[in-house]
Visitor: 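Structure incoming, see below.
Because the structure is a prediction, the values reported are computed rather than measured.
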Amino acid sequence: MRAVIQRVKDAWISINGGEKQYMQQGIVVLFGVKDTDDEKDTTILAKKISELRIFEDLDGKMNISALDNNYSCMVVSQFTLYADTKKGRRPSFIKAARPEKAIPIYEKFLGEIRQLGFKEVIHGQFGADMQINLTNDGPVTIIIDTDEWKG
């Protein structure tokens, strides 16, 4: 699994042109599933993301997590995180998991995030047309790839 975590001042998401779902300060997680992934790392990944100390304390040091501050979280599935650009100009998505594999993993991850105690959790819809708007705070952007945990 691959996650891109952005510290945000605010964000909104619209799914298939529908009503915007807003959140205040917190994190936006773009979440991708690789064809070789399984559900076993979702719990560890959700916990790690929620406890990332990427918000500043009173001394201006990044020592506080989104959970510590009772902030919100947005989770969006994004298969394009596994784009392969080695050949040509058109990315290949062959390493991204097919929907029948990716959807249960995404839903399990989303369930794990919900249980951790964020102020609110909003999310996208797998395979939908989504518009996302966010104000990156810092900017702070962290990438976690669970393949790096292996070996």
Visitor: Carefully, step by step, assess Asp10 and Tyr22 under the rule side chain to side chain contact (heavy atoms under 4.5 Å, CB included).
Guide: CA-CA 8 Å; Asp10 54 51; Tyr22 289 92; over 6 Å; no
Visitor: Given Ser14 and Gln131, is the side chain to side chain donor-acceptor pair (under 3.5 Å) satisfied, shown in steps?
Guide: CA-CA 5 Å; Ser14 173; Gln131 275 64 59; 4.9 Å; no
Visitor: List the atom of Pro99, the atom of Pro104, and the distance in Å for their closest heavy-atom pair.
Guide: O-CD, 4.0 Å
Visitor: Salt bridge (Lys or Arg N to Asp or Glu O under 4.0 Å), that's the test. Do Lys150 and Asp147 meet it? Break it down for me.
Guide: CA-CA 5 Å; Lys150 300 167 183 137; Asp147 280 348; 3.6 Å; yes
Visitor: For residues Ile113 and Val29: do they belong to one hydrophobic cluster (side chain heavy atoms under 4.5 Å, members Ile, Leu, Val, Met, Phe, Trp, Tyr)?
Guide: yes
Visitor: Run the side chain to side chain contact (heavy atoms under 4.5 Å, CB included) test on Val4 and Leu81 for me, step by step, so that the C-alpha distance in whole Å, both residues' side-chain angles and the decisive distance to 0.1 Å come before the verdict.
Guide: CA-CA 8 Å; Val4 176; Leu81 293 179; 3.8 Å; yes
Visitor: Tell me if a side-chain donor or acceptor on Asn136 pairs with a main-chain N or O of Pro139 at a distance below 3.5 Å.
Guide: no
Visitor: Would you say the side-chain atoms of Ser65 and Glu51 include a donor-acceptor pair closer than 3.5 Å?
Guide: no
Visitor: Which pairs, with at least one residue in residues 45-75 and sequence neighbours excluded, count as a ring pair (Phe, Tyr, Trp, His ring centres under 6.0 Å)?
Guide: Phe55-Tyr71
Visitor: How many angstroms lie between atom OG1 of Thr42 and atom CD of Glu112, to the nearest 0.5 angstrom?
Guide: 4.5 Å
Visitor: Give the minimum heavy-atom separation between Leu116 and Ala46, together with the two atoms involved.
Guide: CD1-O, 3.4 Å
Visitor: Distance under 6.0 Å and angle within 45° of the ring axis: does Arg2 meet both against Phe31?
Guide: no
Visitor: Can you confirm whether Thr135 sits close enough to Val8 that some side-chain heavy atom of one is under 4.5 Å from a side-chain heavy atom of the other?
Guide: no
Visitor: Can you measure from CG (Asp57) to CG (Asp68) and round to the nearest 0.5 angstrom?
Guide: 10.5 Å
Visitor: Taking atom CD1 of Ile44 and atom OG1 of Thr146, what is their separation to the nearest 0.5 Å?
Guide: 9.5 Å
Visitor: First locate atom CD1 of Ile143, then atom CD of Glu148, and finally report the distance between them rounded to the nearest 0.5 Å.
Guide: 9.0 Å
Visitor: Please determine whether residues Ile105 and Ile144 belong to a single hydrophobic cluster, defined as Ile, Leu, Val, Met, Phe, Trp and Tyr linked transitively by side-chain heavy-atom distances below 4.5 Å.
Guide: yes
Visitor: Taking a hydrophobic cluster as the set of Ile, Leu, Val, Met, Phe, Trp and Tyr residues connected by side-chain heavy atoms closer than 4.5 Å, whether directly or through intermediates, do Met74 and Met130 fall within one such cluster?
Guide: yes
Visitor: Dump the intermediate steps for side chain to side chain contact (heavy atoms under 4.5 Å, CB included) on Val121 and Arg114, then the final yes or no.
Guide: CA-CA 6 Å; Val121 176; Arg114 283 186 179 126; 4.2 Å; yes
Visitor: Would Asp145 and Tyr82 satisfy side chain to side chain contact (heavy atoms under 4.5 Å, CB included), going step by step from the backbone distance to the final call?
Guide: CA-CA 11 Å; Asp145 191 326; Tyr82 280 102; 4.0 Å; yes
Visitor: Could you state the interatomic distance from CD (Glu39) to NZ (Lys108), rounded to the nearest 0.5 Å?
Guide: 6.0 Å
Visitor: Can you list the residues that meet the salt bridge (Lys or Arg N to Asp or Glu O under 4.0 Å) rule with Arg90, with sequence neighbours excluded?
Guide: none
Visitor: Determine yes or no for a side-chain-to-main-chain donor-acceptor pair under 3.5 angstrom, with Asp59 supplying the side chain and Lys61 the backbone.
Guide: no
Visitor: Near Glu100 CD, under 6.0 Å, is it more than 12 heavy atoms from other residues, nucleotides or ligands?
Guide: yes
Visitor: According to a hydrophobic-cluster definition based on side-chain heavy atoms being under 4.5 Å apart (Ile, Leu, Val, Met, Phe, Trp, Tyr only), do Leu67 and Leu45 belong together?
Guide: yes
Visitor: If you take all heavy atoms of Glu56 and Ile64, which pair is closest and at what distance?
Guide: O-CD1, 3.6 Å
Visitor: So does Met1 get a backbone contact from the side chain of Asp37, meaning a donor-acceptor N/O pair under 3.5 Å?
Guide: yes
Visitor: Can you confirm whether more than 12 heavy atoms, excluding those of Lys119, are under 6.0 Å from its NZ atom?
Guide: no
Visitor: Could you tell me whether Arg7 and Asp137 have a side-chain N and a carboxylate O separated by less than 4.0 Å?
Guide: yes
Visitor: Side chains of Asp129 and Ile15, heavy atoms from C-beta outward: is any pair under 4.5 Å?
Guide: no
Visitor: Apply ring pair (Phe, Tyr, Trp, His ring centres under 6.0 Å) to Phe118 and list each qualifying residue two or more places apart in sequence or on a separate chain.
Guide: none
Visitor: What's the spacing between Ile49 CD1 and Cys73 SG if we round to 0.5 Å?
Guide: 7.5 Å
Visitor: Looking at Asp35 and Arg98, is there a salt bridge between them, counting it only when a charged N and a carboxylate O are closer than 4.0 Å?
Guide: no
Visitor: Would you find more than 12 non-hydrogen atoms of other residues, nucleotides or ligands less than 6.0 Å from Lys48 atom NZ?
Guide: no
Visitor: Could you state whether Val75 and Ile13 fall into the same hydrophobic cluster, counting links through intermediate Ile, Leu, Val, Met, Phe, Trp or Tyr residues with side-chain heavy atoms under 4.5 angstrom apart?
Guide: no
Visitor: State whether a side-chain donor-acceptor pair under 3.5 Å links Ser72 with Gln24.
Guide: no
